[in-house]
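Below: one structure, written as structure tokens.
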2 protein chains.
Amino acid sequence: MSQWDIYNKNCPTRLVLDRIADKWTVLVVGALATETKRFGQLRRELDGVSQKMLTQTLRGLERDGIVYRKVYATVPPKVEYSLTTLGLTLVNLVETVRYWSEGNIEKVLMAQKRYDA
Amino acid sequence: MSQWDIYNKNCPTRLVLDRIADKWTVLVVGALATETKRFGQLRRELDGVSQKMLTQTLRGLERDGIVYRKVYATVPPKVEYSLTTLGLTLVNLVETVRYWSEGNIEKVLMAQKRYDA
DNA sequence: TGCTGTAGTTACCAAAAAGAAACTAATAAA
DNA sequence: TTTATTAGTTTCTTTTTGGTAACTACAGCA
């Protein structure tokens, strides 16, 4: 039993919850699970993400020590993103989220149909 | 290899991702993991949730077949919420999220301090 | 000479999310 | 007779979010 409690409004763990219970976070961490990738690669992979949202998400993850950002001082710029040790501990979690979503979508869609009727 | 791909913008699994990669969803499912609860109980447990957000979250989860809502036609009203079979398959996932948050908050806070300096 | 490519930042605007407060119904208790 | 109770809904307002477009640097290529 720790001092932290996510059910308490003022507990800082709420901030962590906000970060990882986030669509783009799940997709970014999943995309970086196997290999280092450049900004443009991520942008293309995360279909539908805007440049702004991707930058924001990556900055947040970098700040939280989940993603490592390596900048090459070249022109045109080159920036590589990878998971930190801490970030790697999230991989299992986000893959479970993905598998759950892809594995239960049919049930969810059926439930929605039933509800809407 | 299924027909679903969460990395595709138009894939309906994105909707499921939006639902479960959500702060209140994580907390609600966690709160209902062990027992059926009434609306007011949930409201008190989920510190900081507004009535409106809780209602919205519960409706969404009910629509997706994750939460079951049982209404007693009494006055004052009584409504009980519980997890469906589908909802129960989410319990492990949301508990992992909670444990990760509570277990890594210190590392995250330290990383933030470093980044902000 | 001028166009392309990369990984951003910034400003602006529209849309959506979320908070606050007021209102409901019928019964039981004070 | 008034009041409290429960689980909402509704309206209004504020805040946050997110999208679009414009701008940057400089090397390489036609």
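Chain letters run A, B, ... following the sequence lines, proteins first, then strands; residues in each count from 1.
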The residue, A:Gln56 or A:Pro76, whose nearest nucleotide of DNA chain D is more 5′ is A:Gln56
Closest to the side chain of A:Val75, out of C:dG8, C:dG5, C:dA11, is C:dG5
B:Gly48 or B:Gln51: which one's nearest nucleotide on DNA chain C is closer to the 5' end? B:Gly48
Atom CG of B:Leu58 and atom P of D:dA7: how far apart are they, to the nearest Å? 11 Å
B:Leu54 has an atom CG; how far is it from atom P of D:dT9, in whole Å? 11 Å
Atom OH of A:Tyr81 and atom C1' of C:dA7 are separated, to the nearest Å, by 8 Å
Does the structure place the NZ or CZ of B:Lys37 under 6.0 Å from the centre of the six-membered ring of B:Tyr81, at an angle of no more than 45° from the ring's axis? no
Please assess A:Tyr68 against A:Glu80 for the test side chain to side chain donor-acceptor pair (under 3.5 Å), listing each intermediate value before the final yes or no. CA-CA 8 Å; A:Tyr68 172 61; A:Glu80 282 180 352; over 6 Å; no
Do B:Gln41 side-chain atoms and B:Arg38 backbone N/O form a donor-acceptor pair below 3.5 Å? yes
When you compare the side chain of B:Thr25 with that of B:Ile66, does any pair of heavy atoms fall below 4.5 Å? no
At under 4.0 Å, does any side-chain N or O of B:Arg38 touch on OP1 or OP2 of D:dA7? yes
Please work out if A:Tyr72 contacts a base, only the sugar-phosphate, or nothing of the nucleic acid, heavy-atom cut-off 4.0 Å. nothing
Between A:Lys23 (NZ) and D:dG19 (C1'), how many Å, whole number? 13 Å
Looking at the side chain of B:Phe39, which of D:dG8, C:dG19, C:dC12 is the nearest nucleotide? D:dG8
Consider the side chain of A:Lys52, meaning its heavy atoms from C-beta on, and name the nucleotide among C:dT6, C:dA11, D:dC12 that approaches it most closely. C:dA11
Short side-chain N/O contact from A:Ser50 to OP1 or OP2 of D:dG18, under 4.0 Å: no
Out of D:dT9, C:dA18, C:dA26, which has the shortest distance to the side chain of B:Met53? C:dA18
In whole Å, I'd like the distance from the CD atom of B:Glu45 to the P atom of D:dA7. 14 Å
Verify the cluster assignment for B:Leu15 and A:Leu27: are they in a single hydrophobic cluster under the rule of side-chain heavy atoms below 4.5 Å apart? no
Round to the nearest Å and state the distance from B:Leu46 atom CG to C:dA18 atom P. 14 Å
Does A:Arg69 place a side-chain N or O at less than 4.0 Å from the phosphate oxygens OP1/OP2 of C:dG8? yes
Please tell me if B:Arg59 has a side-chain N or O lying less than 4.0 Å from either OP1 or OP2 of D:dT9. yes
What integer distance in Å separates A:Lys37:NZ from C:dT6:P? 17 Å
Once you round it to whole Å, what is the distance between P of D:dT6 and CG of B:Leu42? 14 Å
